[in-house]
Amino acid sequence: MNAPSEFLNYGPDAILMVGLNGRNWRLADYVARGGYGALKKIIAEKIPPEQVVAEVKKSALRGRGGAGFPTGLKWSFMPKNYVGDKYIICNSDEGEPGTFKDRDILRYNPHMLFEGMAIGAYAMGATRGYNYVHGEIWAEYLRCEEAIEEAYAAGFLGANILGSDFSFHLYNHHGFGAYICGEETALLESIEGKRGMPRFKPPFPASYGVYGKPTTINNTETFAAVPWIMRNGGEAFLELGKPNNGGTKLFSVSGDVERPGNYEVNLGTPFTTLLEMAGGMRGGRKLKACIPGGSSAPVLPGDLMMATDLDYDSIAKAGSMLGSGAVICMDETRCMVRSLRRLSYFYYEESCGQCTPCREGTGWMWRMVDRIERGQGRNEDLDTLTSVAGNIAGRTICALGDAAAFPVISFIRHFRDEFQYHIDHKRCLVPAYV
Amino acid sequence: MSDARPTLNIEIDGKPIEVAPGSTVIEAAHALGIYVPHFCYHKKLSIAANCRMCLVQVEKAPKPLPACATPVTEGMKVWTASELAVTAQKGVMEFLLINHPLDCPICDQGGECQLQDLAVGYGASSSRYVEAKRVVFHKDLGPLISAEEMPRCIHCTRCIRVGQEIAGIMELGMIGRSEHSQIVSFVGRTVDSELSGNMIDVCPVGALTSKPFRYAARTWELARRKSVSPHDSLGSNLVVQVKGDRVLRVLPLDNEAVNECWISDKDRFSYEALNSGERLTAPMIKQGGEWKTVDWQAALEFVAQGLTDIVARHGPGAFGALVSAHATLEELALAGRLVRGVGSDNIDFRLRQADFRGNGHATGIPWLGLPIAQVGALDRALVVGSFLRKDHPLLAQRLRQAVKKGTQVSMLHSVDDDWLLAVAHKRIVAPSRMPAALAGIVVAALRATGKPVPEVLDGIDPDMTEKAIAESLASGRSKAVLLGNYAVQHPDAAQIHALAQMLAEATGATLGFLTEAANTVGAHLAGALPQSGGMNAQAMLDDPRRAYLLLHAEAEFDFARTLAARTALENADLVVVMSPFAHGMPYADVLLPVSPFTETAGAFVNCEGRLQDFRGVVAPLGETRPGWKVLRVLGTMLRLPGFDADTAAEVRATIAADTAAIAARLGNGTRVAVEAPTPAVAGVERVADVPIYFADPLVRRSAPLQLTADARPPVARMHRSLFDTLGLAKGGQVRVKQGRGEAVLSAVVDAAVPPGVVRIAAAHTSTCGLDGLSGAVELERA
């Protein structure tokens, strides 16, 4: 976890990931950047919890994990007069292919997350919290453990925070790398020590969450944005973005670009600006295709993407999803069949196996795409693939079924010729990738 | 609806229905008689919603929703067979079939397979799937469940849920993700639950099938006949499946009031004994020490003559009958009539009972005290002296479900058995301390309500647990004190009964007996016990008779004091054994082959006093004859009155017209006065359970049941302290001396056994040399 440079540059828009150099993650550094100021203010001024929720609502902060659900609204679902413990959980189980933004928060700015969670707990009346860290980023988990000890020692977490009667016990918890545990109800099962399998909803976590208690689950970046909002006001956050799409967003740019990495930009920024920040396409090649929101989001053709702005509504209008903000750029040397085969294999391996369409369908789709890639495609395969994907989408317990189906449907929709060429000529349309 | 709960109005396929809030769409549809295709849904199990077969269209929902998991809401409109719904259902069916082997022609489930049935309606005639199919390795789940063809599994998890929720133990689970997920037992273990066979029933495909039944027949070749289980006191309703004159399979018959849709493994697999080589197929007589097969006429004349001679020479009191409560009502009634016809009153079915001091003081026939269905609705229960899980698997299951809804079950017993349910309070004491512990609960209950404590209990000082149990019983509305088989077989059974009665009265609880066998209540009704000063089972052995009739009972296994039984029978002049099996050769003089429950008409009266009659499902094997007919002929030969009934129903009509008439004779009161509990026995005491697969002649001879974990030979289980005192080492053997008998057994440390107690199972060849189910034993390192 050595920092790549003296200063980590997330771009000029950065408000959350600013002033970081990879070494200044400790409590003292965070406090020096004004950290825990929001929590102190809330506690000192005894700001009513409803007011905190209202501020978050005003900010138009939307869930950064992928679904983009309005955070303030989610917070308001927690039962107010519940007798007993309520839980909040940070979903740091960042397993979506192409996504690596939460890891930076966990390793370079963990206290921002803890402060956000403490404020969330205050707002929702939660007494216990878990930060569920992905099993394959062990060093980050250990850093969170170190950081959380500092926070407890300084009285920002634990019983009677900053001398008030507000108590919030936060624990880091790590998974073992199963993608499905990033699904919030599978995550709950995993915390409970069970096999990570999504629950059928309803009941929703707000009424029946971890250990059957009311629970709110938010993404790492979502919680991390909360201290800034409380310090600067929801209005200020909203103004950074555009209506219904408040604030900045971390984008994980990967693929055939000159400088892959995380960039924090205001929502609504044109995609071309982000691409420029990442140094443009590698070797000056053309953007052939882009998956704008992590591997589960439908792929978009390059020219369509170049004309799109980066916010939830614009990308949805273009036919995809902002998702987790993982922007996977592919240039014209990329074989779409080969790319889809990789994605399909991922979903085939990561399906939890609980419900029929996903368990059976993901393997079927992968085998068909694999066959096409190996030059054994059949003419009817493309229609069958689309139909099988359609039979999975919307019929499963959780969204993994959709996530497995969308790439298949969109790759064939936008690049059908390339698939057909594979079937007809038993080889690739594009020259071998070098 | 009788109660004033609000209802919701919904519409399914255009039909309106009022349903209770909290119902699911599938329940509402079923109430309307609309079938929604499904696999993972089961009315008695939790909702999994994983098969997705029951996807239906719901108004305003953009996607099809699973009917099993979707709660109804006011005004909801559902279409179960709309284009959207059927397309989704067909899509799911295609997915279920792509990796299914489609080996129906060689699959035991063929013809009774939910997947096969639904594939007819929702499957395509040819598959679009051209890839390789998944292969899943077979599993060894033990002698009862075959898991040889696991690629057939559709991952509905019903078997897992039956284990977790019904049997109370998760012996199967799912490992692996994606299509690599598979059902397995816990690393290399078998499925050992006494309710495991229900996993076979709930499996909607041919993944889990019956191992004993494997490849024996196709389902459509089998005749299905109703019957009643002859084992425990529940009287599970059965469908006995027959091909030709052979019973090939036994399945549950749904009866919500009795066994719901479950049966225990002994109900299910005991039929294997019916076809065993140990069946007696013709009457036999011992002449000059040689066994000779004879015809019925000769055999019965021999018996009649022998009985007549002995009665003439030694008086009628020289004849006694030792009968089993697994016999039918009719057999027991006619056996009683025979004994009394010759002028004796020596008949008893209470073969494992040790304390007869309560004799003649009971106010009625001991029974459960409440309907079986109400066991699940109790708020509080105290179970006294019961190996509940193994003695009454399905009553335990009912309590298990009740506990999940808040029932508090407490336990007073001599070993800390795991009943696989959350027991609220456990008081585990040595057998001789049992009356004192129960007295402790009584005193605590009396004190708590300010009632006077009888003088004889003055010295009793309740401990924390006893107080807690009393407190638990003091709360709640519907409650019961239930006495198990062990309590009835206890050497202080009469005092335990009297104390339990006092406790029930003090707490307003119902007093009940779980009762031992399928026809324990029936045996009382039939008069299979002394009625006018005759000798009870123990007296007939302590003061041996000249002639004995043994009906479905085996001297080696079915008695409290097997050693005394052997001796008495060996020294008698005439021993007539009536049994479906060839046994008792060393002491018997005549063996009469009588029908097991499948080969005769008859009836059992279960623990709740329910009279359940049944007919023979197959013809008697060889020269076997129904027991009631054999007794009828014998009675006629002896020119006794009351043996002229032509049918089993006529015999039945003379003793118990119907369940209502029976109810009038039931009662659990005792007039035995409570005494000061006797001091503890010095030295080591024996606790004997009657293991589930040794408990009656049928299960003993069922080969698959004898291969299970529950049928392992008995060992001497003891607390670590006793083990160490005896200087035993791991794997060591211990010599057990009881009375004039002894046995050498492996010694095992068992934390569930209290100090100073050794647990040695009864009803097994290795322990039948011990003299008594309880009392002091001497142990030494062997």
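By convention in this document, chain letters (A, B, ...) are assigned in the order of the sequence lines, proteins followed by strands, and residues within each chain are numbered from 1.
Atoms CD and CE, on B/E131 and A/M365 in that order, are 12.5 Å from each other to the nearest 0.5 Å. Atom CG in A/N391 sits 6.5 Å away from atom CD in B/E94 (nearest 0.5 Å). Interatomic distance, CE of A/M368 versus CZ of B/R128, reported as 7.5 Å (0.5 Å rounding). The structure places CZ of A/R395 at 9.5 Å from CD of B/Q89, a figure rounded to the nearest 0.5 Å. Here OG1 of A/T356 is found 11.0 Å from CG of B/N99. Values are rounded to the nearest 0.5 Å. Going from atom CD of A/E349 over to atom CD of B/E179 covers 9.0 Å, rounded to the nearest 0.5 Å.
Between A/I397 and B/A48, the shortest heavy-atom contact is CD1-O, 4.1 Å. Nearest heavy-atom pair, B/A132 versus A/R367, reported as atom, atom and distance to 0.1 Å: O-NE, 4.2 Å. Nearest heavy atoms, B/F95 versus A/G361: CE2-CA, 3.5 Å. Taking every heavy atom of both residues into account, B/R177 and A/S351 meet most closely at CB-O, 3.3 Å.
There is no contact between A/A393 and chain B, counting heavy-atom distances below 4.5 Å. Neither the backbone nor the side chain of B/T157 comes within less than 4.5 Å of any heavy atom in chain A. A/R199 does not touch chain B: none of its heavy atoms, backbone or side chain, sits under 4.5 Å away. Heavy atoms closer than 4.5 Å to chain A are found in the side chain of B/P71, but not in its backbone. Heavy-atom distances place the side chain of B/I98, and not its backbone, under 4.5 Å from chain A. In this structure, the portions of A/Y348 lying under 4.5 Å from any heavy atom of chain B include both its backbone and its side chain. The parts of B/M174 that come within reach of chain A are both its backbone and its side chain, each placing non-hydrogen atoms under 4.5 angstrom from that chain.
Within 6.0 Å of NZ on A/K426 lie more than 12 heavy atoms contributed by other residues, nucleotides or ligands. More than 12 heavy atoms of other residues, nucleotides or ligands shown are found within 6.0 angstrom of NZ on B/K44. Shown here is A/K317, whose NZ atom has no more than 12 heavy atoms of other residues, nucleotides or ligands within 6.0 Å. Environment of CZ in B/R189: sparse, with no more than 12 heavy atoms of neighbouring residues, nucleotides or ligands closer than 6.0 Å. Within a 6.0 Å sphere centred on CZ of B/F186, other residues, nucleotides and ligands contribute 12 heavy atoms or fewer. Heavy-atom neighbours of B/E74 CD from other residues, nucleotides or ligands within 6.0 Å: above the threshold of 12. Other residues, nucleotides and ligands place more than 12 heavy atoms under 6.0 Å from the OH atom of B/Y129. In the displayed structure, B/K63 atom NZ is contacted under 6.0 Å by at most 12 heavy atoms of other residues, nucleotides or ligands.
Of the listed residues (A/T362, A/T396, A/L400), the greatest number of heavy-atom pairs within a distance under 4.5 Å of chain B belongs to A/T396. Ranked by heavy-atom pairs shorter than 4.5 Å toward chain A, the options B/P64, B/G91, B/A69 are led by B/A69. Heavy-atom pairs under 4.5 Å with chain A peak, among B/G173, B/A49, B/C156, B/P62, at B/A49.
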Inset, instruction - Just do the salt bridge (charged side-chain N to carboxylate O under 4.0 Å, His left out) check on B/R134 and A/E360 with the steps written out, would you? - result: CA-CA 10 Å; B/R134 166 182 60 221; A/E360 306 292 338; 3.2 Å; yes
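Counting only heavy atoms from C-beta outward, the side chains of A/E380 and B/V130 never approach each other to under 4.5 Å. Residues A/R195 and B/S181 meet the side-chain proximity criterion, which asks for heavy atoms closer than 4.5 Å.
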